[in-house]
Every structure is written in C-alpha cells, then in structure tokens.
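Residues take their numbers from the sequence shown, with the count starting at 1. In listed order, ligands and their atoms are each counted from 1. Keep in mind the model is a prediction, meaning the values are calculated, not measured.
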Amino acid sequence: MRLVLDGGALAANWRALDGLSGRAAAGAAVKADGYGLGAREVVARLAAAGCRDFFVAHWAEAQALAGLVDPARIAVLHGIAPGEEAVALAAGAVPVLNSAQQIARWRAMGGGTCHVMIDTGMSRLGLDWRDDVAGHCAGLDIDLCLSHLASADEDSAQNGAQRLRFDQVRTGVTARRYSLANSAGISLGHGYHFDCTRPGLALYGGVPVAALADVIQPVMRIETRVLQVRKVQAGDSVGYGATFTASHEMRTATLSLGYADGFKRALSSLGGFVKDGIRLPLLGRVSMDLTCIDISAAPDLGEGDWISADLVLPQAEAATGISQYEWLTQIGRRFDRVWVD
Ligand SMILES: *Cc1c(COP(=O)(O)O)cnc(C)c1O
C-alpha cells in the first residue's frame, strides 16, 4: 500500500492560502504528523515554498522536526505542562502559553520569547478574553498573540464576535505579531488575517468551505494492490455479515486495504476504487486489512496490480459524516509514503 503525495499540490495550496491571506504571512499547522501525511516531508516542502511558521501540538512533534527549520519558528500549541520544562528548553521551540499557570511556569523557567493564546469564545484553550489578559501578559516577550475560531467553516455570527474580542484584547497585549485565522478563517476576509494565518486542513487538500473549492488541490491518494481475483457466483455473499449478495456472476478483487489503515468501515457499500478512469464499486463491508470490489468493468485487472481509492476528502466527508480532519489524521502507519513533485 502506498500514499502517493503530491508535493507540487502541497506547495501550490500553501502559496494560494498565503496569497489569500493578503498582507499576512501564511504559516502551517503540521501537528499530528502533518495531518497524517508525514510532518518532516511536509515541513521541508513548505519551507522550500516560503513558509516560515509551523504549529505543532506536542513537544515531541517539535523535536521530530529537528534540523529542518529554525526551532524559534516552531510553535507548540499545548504549551508547557508540569514536568515538560526540560524537554521544552532542549527542543528550543516556542511554547504557546494557554493559562496563567503556564505563564507562571514559563517565567519560573527563565522565560524568553513565547506565544500566548487567547480564548475568544471557543472555551477550549487560552486566557479568557474577559480576564485581565494584559495583566497576565505584562512583561512577557510575546512573538505571536493568537486566538482560534470555533466556527470559521460556517456562516456564523460567532466569527465576527470572536474577531471583535480579539481586537479588544490586542489593544492590551503587546506582541510582535497577531494571528487568528485557520484554513476556513482565511476565506473570511482581510479583517481576519492580522499578521499570520495558520492553515492546516486546506494545505493537505481538505476543503473546509466552498469558497476554497476552486483554490485547493488534492494532495493525497491511496493506492493498493489486488491480492486476489475471484469469480463470485449468483447467490454468493461477500465479506463479514454477508451484507452483499451477488445477483449474477461477477469478477471481484480483494484489496490489501482496510479500516486499520484508516479506510473507514463507514465506506462499506459506499466507497469505490478507480482503474484507468473506470470506477469499481466496493462490495459489502470493509474489513480490518481487506476490502472487496467489483471489477467486472475492468477485465484486465489482475493479481498484484495497483489500484487507486476513489477518495476525495470533501466527498468522503459528505458520504460518511466523518470529517476531512479525521480522514487525514487517521491514515494508518502501514503505507509507504511516496512523494511526487
Ligand atoms: C489545528 C489548528 C489550526 C489549523 O486549523 P485548520 O482548520 O486545519 O486549518 C490553526 N490553529 C490552531 C490553534 C490549531 O489548533
């Protein structure tokens, strides 16, 4: 099995999002191993395209990028938990401080340049915008002052409300740069861009809002091989639970790919594969490591041949209710990652 990753599309997506960010510079969210595609390869390619700011969640994710980019441009979104002080100092990446306690911990460690997250209405991470944010931040050397939009992918009044709150907080917090927008937030317009934007999903080919549909190119393609070709007769059933029964004789192929690889069981009976432009539908349930398809329309397909999953992220989300974020980040570890540029 292989993930075919289009480095040209990744770079083009970043350039498009950077362009849409106006005067702001687009960074890149590369947490969760670059949304499942491989953080080191993603970061190397985005850095070559001109991207300067990278966002990870954990210190180990920052360390995994060692030697690729200046650690001062890697932001660790979860900040510093008790006991992480030494790891944080060794990594040299910059913590995003989320609470008064994290700020105190950073000061006790000797401080230095940091980022600060403000919660403007998501009630998840960051200093509450209603608190004395200016007081908490006084004396800190803040590079980025950030907040995160809860509903950027929807036409929601919450976006404007969060922007207004962020603007208010900004007046009391001195930082070198300010940042609010994720992928979807970029399409909300210049009022949301500030100095730095933080796209993730759209870099990797996800389309969070219709406005980005014509701008974003797919980056990832799943390919696998035919393990076995069979002749299924009328009345035979296929797979666990016998959810598909053949009404006539058909050629089927059993593929090396299953839900343990992130090819979700929710695709059972819905998904398909493509060979030379011909769509080959999935039969019955997706198993842990195997999937069966109808190859009657591709008579030349044989054992050992490669075939592509017909998996387009926004469509997969619409068909299964599983978000594009989950599709990407739950791609299994068993794939060979093959980058083409
Ligand atoms: C993950 C994340 C992003 C990227 O969001 P997308 O919706 O994937 O573009 C930006 N900012 C923060 C704080 C994040 O956690």
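L328 is connected to L267 through a chain of hydrophobic side-chain contacts under 4.5 Å among Ile, Leu, Val, Met, Phe, Trp and Tyr, so both are in one cluster.
When atom types are taken as modelled, the side chain of R45 and the backbone of R40 share no donor-acceptor pair closer than 3.5 angstrom.
A search for side chain to side chain contact (heavy atoms under 4.5 Å, CB included) contacts involving S323 returns E317, Y325, E326, not counting sequence neighbours.
Evaluation of the salt bridge (charged side-chain N to carboxylate O under 4.0 Å, His left out) test over residues 256-270, restricted to residues two or more places apart or in two chains, returns D261-R334. Residues in residues 12-35 take part in these ring pair (Phe, Tyr, Trp, His ring centres under 6.0 Å) pairs, two or more places apart or across chains: Y35-Y204.
Within 4.0 Å of ligand 1, counting heavy atoms only, the contacting residues are A29, K31, Y35, L77, M117, H148, N182, S183, R198, P199, G200, L201, Y325.
Ring geometry for F194 versus F166: interplanar angle over 60°, hence perpendicular rather than tilted (30 to 60°).
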